[in-house]
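Notes to accompany the following structure.
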Amino acid sequence: MKYTDLNRAILLLKNKKEVDEFLSDLCTPSELKAINERWSVAQTLFTNDLSYREIANKHKTSTTTVTRVARFLSSEPNEGYKRILKRINK
């Protein structure tokens, strides 16, 4: 699924303040919490050798969330998580 208009809008953001404001307007607090949770799980999966249960406990999330993030992190056509995690960890 492509989100062309949303992608274009995101690419126009110039700094952290603009990103914060845009995401706060675009997402509900619950959606932002879920996005942050998935991102934290992705970072932990990428940099630690913990079990899914340990990661779920660490981030106070479900093992289902950890499994979903892990699936996208390890899946070839989806390189979004990996690309950014590799850049951050350089």
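- Residues satisfying the side-chain hydrogen bond (donor to acceptor under 3.5 Å, both in side chains) test with Asp5, not counting sequence neighbours, are Arg8.
- In this view, Asn15 and Lys17, Glu18 satisfy the side chain to side chain contact (heavy atoms under 4.5 Å, CB included) rule, not counting sequence neighbours.
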### Task
Give the C-alpha distance, both sets of side-chain angles, the deciding distance and a yes or no for side-chain contact (heavy atoms from CB on, under 4.5 Å) between Leu26 and Leu6.
CA-CA 10 Å; Leu26 183 66; Leu6 179 58; 3.9 Å; yes
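- Atom CD1 of Ile35 sits about 6.5 Å away from atom CD of Glu31, to the nearest 0.5 Å.
- Phe46 CZ to Lys82 NZ: the interatomic distance, rounded to the nearest 0.5 Å, is 8.5 Å.
- Under the side chain to side chain contact (heavy atoms under 4.5 Å, CB included) criterion, Arg71 pairs with Arg68, not counting sequence neighbours.
- Note that the OG1 atom of Thr67 and the CG atom of Leu73 stand 12.5 Å from one another [nearest 0.5 Å].
- Checking each of Arg53, His59, Glu54 against Asn57 for a side-chain contact (heavy atoms from CB on, under 4.5 Å) leaves exactly one that passes, namely Arg53.
- Atom CG of Asn89 and atom CD of Gln43 lie 8.0 Å apart (nearest 0.5 Å).
- Val41 and Val66 make their closest contact through CG1-CA, 3.9 Å (heavy atoms, listed as atom of the first residue, atom of the second, distance).
- Under a 4.0 Å N-O distance rule, the pair Glu37/Lys33 qualifies as a salt bridge.
- In this structure, OG1 in Thr47 is found 8.0 Å from CG in Leu85, a value given to the nearest 0.5 Å.
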### Evaluation steps, side-chain contact (heavy atoms from CB on, under 4.5 Å), between Leu45 and Tyr52
CA-CA 8 Å; Leu45 282 165; Tyr52 287 8; 3.9 Å; yes
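- In this structure, Thr61 OG1 and Asn36 CG are separated by 12.0 Å, a value rounded to the nearest 0.5 Å.
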